[in-house]
Protein chains: 2
Amino acid sequence: MAAVIIDGKAFAAKVRAQVGAAVTALKAQGITPGLAVVLVGEDPASQVYVRNKHRQTIEVGMNSFEHRLPAETPEADLLALIAQLNADTAVDGILVQLPLPAHLNAELVINAIDPTKDVDGFHIDNVGKLVTGQKSMVPCTPLGSLMLLRDSLGDLNGLEAVVIGRSNIVGKPMANLLLQQGCTVTIAHSRTRDLPAVVRRADIVVAAVGRPEMVKGEWLKPGATVIDVGINRIQPAGADKAKLVGDCDFDSCAAVAGAITPVPGGVGPMTIACLLANTLTATCRRYGLPEPVGLTA
Amino acid sequence: MAAVIIDGKAFAAKVRAQVGAAVTALKAQGITPGLAVVLVGEDPASQVYVRNKHRQTIEVGMNSFEHRLPAETPEADLLALIAQLNADTAVDGILVQLPLPAHLNAELVINAIDPTKDVDGFHIDNVGKLVTGQKSMVPCTPLGSLMLLRDSLGDLNGLEAVVIGRSNIVGKPMANLLLQQGCTVTIAHSRTRDLPAVVRRADIVVAAVGRPEMVKGEWLKPGATVIDVGINRIQPAGADKAKLVGDCDFDSCAAVAGAITPVPGGVGPMTIACLLANTLTATCRRYGLPEPVGLTA
């Protein structure tokens, strides 16, 4: 069996096109959605992300507000900026790029964002609403993964899903989304005793652990759908350049799976596309307009 | 194999005794914890619960404030009462008895409670904090179930747990607590395709579905620990009186399980004991005092 390769790059482009069309319609009503991104410090990976977010925000026709603060910014200054963005009527979405420098309390900072502008979906209000089935902002990577799964599989009701990894950013919200879709959901993690046996039960595997090529093809149930959230930079022996790999051993997994996301070009591009989708959703809610179809959980 | 019968009634008495001792110590410092219970309408089961809560609150030395409102109470009046209780310095814990009459929006009402006084742990703030591992108020029935599991099994790390039922009140918070303890957690529910096969994986089974005697002994892994959250009233054929049964078929389960909670006398008594424990915890946090040991998640 050769797995279908799920083209996240193409799907993300479709999502961005849909967001762009909706932004055009909003602008005709005098509304331009605005996304504010706050970056503290000089983390190189974060700088790349923020640059990409900025570019794609502009491309879909939204306003992009970038706030770059020095690594040593005091917490009070960051909180004051967030309060200002909360109050700013031109700002529909606020994202504070993580990780923050160690002297800043990330929980405190995230929970200072107005939950209706929290387009990352990390505020405890949004977490609580997602878990209890209330309308919320849904974290971008799990939302993008869900879109790919629904596109590949249609109705997810009754499927066995295994989420590997229990992070607040991916694993736990992903498990909640799959539960809402009617999956029987297992969350596995570093303490799981026989991970291959747990993974072998799954119709859907979502790998979000950050360990390069950990999940092997022989762990999979034949025909399973594999969503690989990992993005790991490795240096293959004998190779000149580092390369990006996922949490799944792609070749062996693709030989057994029914469908699989590649790395790069799978879940990765969906994350920023969903950030833009969330900003659009926040804007529509704020103005009491209908929410975009297919871009929410 | 004959299962150990987990004596929730005795364990709950121990919890109440510990709470009572802590209350005595607080009173010596001039602090008397107070629990306010709000009952809207005449639901007979709710009246029994509220009466039991009142009696046990008094028994551990706390102040008990009962507010009984007519079934047709307007939402604004209920919200005004909650605002008053939020502001009342004599009140450390607030519980609104569920279910509410249909004209009242339960989500809105629960989210109006000051989260630090939300001793039921249902406010989205507390849900979000529980999920993300921040300090929260934990719902009483899952907290009581966790206490029984820790008492029976000690360290839960690496155990396979299956929670049957995905309610906001029991199933989902229970799954999060077990995940925090290092279990590999599966949430099963009405859409699960082969429930017996899923249950058979589990070292720990928590049944919270509200279907009398649904879980059969032959579904269990020999030696599993079974926590039966169900309380169902059935009328056995030929019997004069109704009887209470759990979600597990007790006799067949007890023949296979390593340990099992009975119904009644298992999880049931733990719920009010944990409500008192939560009220004590809320009081200690409010005054910046050390939290009671062993009474939190």
Side-chain angles (χ1 to χ4, degrees), chain A residues 105-108 110-111 115 118 121-136 139 155-169 171-173 175-176 178-195 197-203, chain B residues 105-108 110-111 115 118 121-136 139 155-169 171-173 175-176 178-195 197-203:
Chain A
N105 177 342
E107 282 174 2
L108 185 77
I110 297 302
N111 289 333
D118 167 40
F122 296 157
H123 191 292
I124 53 165
D125 248 50
N126 283 316
V127 177
K129 285 180 172 170
L130 174 61
V131 170
T132 56
Q134 301 173 57
K135 192 175 276 195
S136 69
D155 185 6
L156 307 184
N157 249 306
L159 296 180
E160 283 248 7
V162 171
V163 177
I164 314 174
R166 53 177 164 170
S167 73
N168 292 334
I169 291 174
K172 290 184 209 168
N176 274 296
L178 291 168
L179 193 60
Q180 276 176 12
Q181 301 288 319
C183 295
T184 301
V185 181
T186 298
I187 309 181
H189 46 77
S190 57
R191 302 302 180 100
T192 294
R193 284 188 184 157
D194 186 354
L195 186 58
V198 171
V199 171
R200 201 165 291 121
R201 305 166 182 166
D203 304 304
Chain B
N105 179 341
E107 282 176 1
L108 185 77
I110 296 302
N111 289 334
D118 167 40
F122 296 157
H123 190 293
I124 52 165
D125 248 51
N126 283 314
V127 175
K129 285 180 173 170
L130 174 61
V131 170
T132 54
Q134 300 173 56
K135 192 176 274 194
S136 69
D155 185 6
L156 308 185
N157 247 308
L159 297 180
E160 282 249 9
V162 171
V163 177
I164 314 173
R166 51 176 164 170
S167 73
N168 292 334
I169 292 175
K172 290 183 211 169
N176 275 296
L178 290 167
L179 194 60
Q180 275 176 11
Q181 300 290 317
C183 296
T184 301
V185 180
T186 298
I187 309 183
H189 46 77
S190 56
R191 303 300 181 100
T192 294
R193 284 190 183 154
D194 186 354
L195 187 57
V198 172
V199 170
R200 200 164 292 122
R201 307 165 182 165
D203 303 304

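A, B, ... follow the sequence lines: proteins, then strands. Residue 1 opens every chain.
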Are side-chain heavy atoms of [X] and [Y] found at a separation under 4.5 Å?
| X | Y | result |
| --- | --- | --- |
| B:Leu179 | A:His189 | yes |
| B:Ile169 | B:Phe122 | yes |
| A:Glu160 | B:Val198 | yes |
| A:Glu107 | B:Thr132 | no |
| A:Arg166 | B:Val185 | no |

Can you tell me which portion of B:Asn111 sits under 4.5 Å from chain A's heavy atoms? Options are side chain, backbone, both or neither.
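Side chain only.
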
Non-hydrogen atoms of chain A under 4.5 Å away: do they reach the side chain of B:Val162, the backbone, both or neither?
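B:Val162 has no heavy atom closer than 4.5 Å to chain A.
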
Given that the side chain runs from C-beta out, which part of A:Val163 has a heavy atom under 4.5 Å from chain B: side chain, backbone, both or neither?
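Neither part, no heavy atoms under 4.5 Å.
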
Part of A:Lys129 lying under 4.5 Å from any heavy atom of chain B:
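Both backbone and side chain of A:Lys129 come within 4.5 Å of chain B.
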
With respect to chain A, which residue among [options] yields the maximal number of heavy-atom pairs within a distance under 4.5 Å?
| options | answer |
| --- | --- |
| B:Asp194, B:Ile124, B:Val127, B:Asn176 | B:Ile124 |
| B:Ala175, B:Ser190, B:Cys183 | B:Cys183 |
| B:Asp125, B:Ile187, B:Thr192 | B:Ile187 |

Indicate the atoms forming the closest heavy-atom contact of A:Asn157 with B:Arg193, along with that distance.
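In this case the closest contact between A:Asn157 and B:Arg193 is O-NH2, 3.3 Å.
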
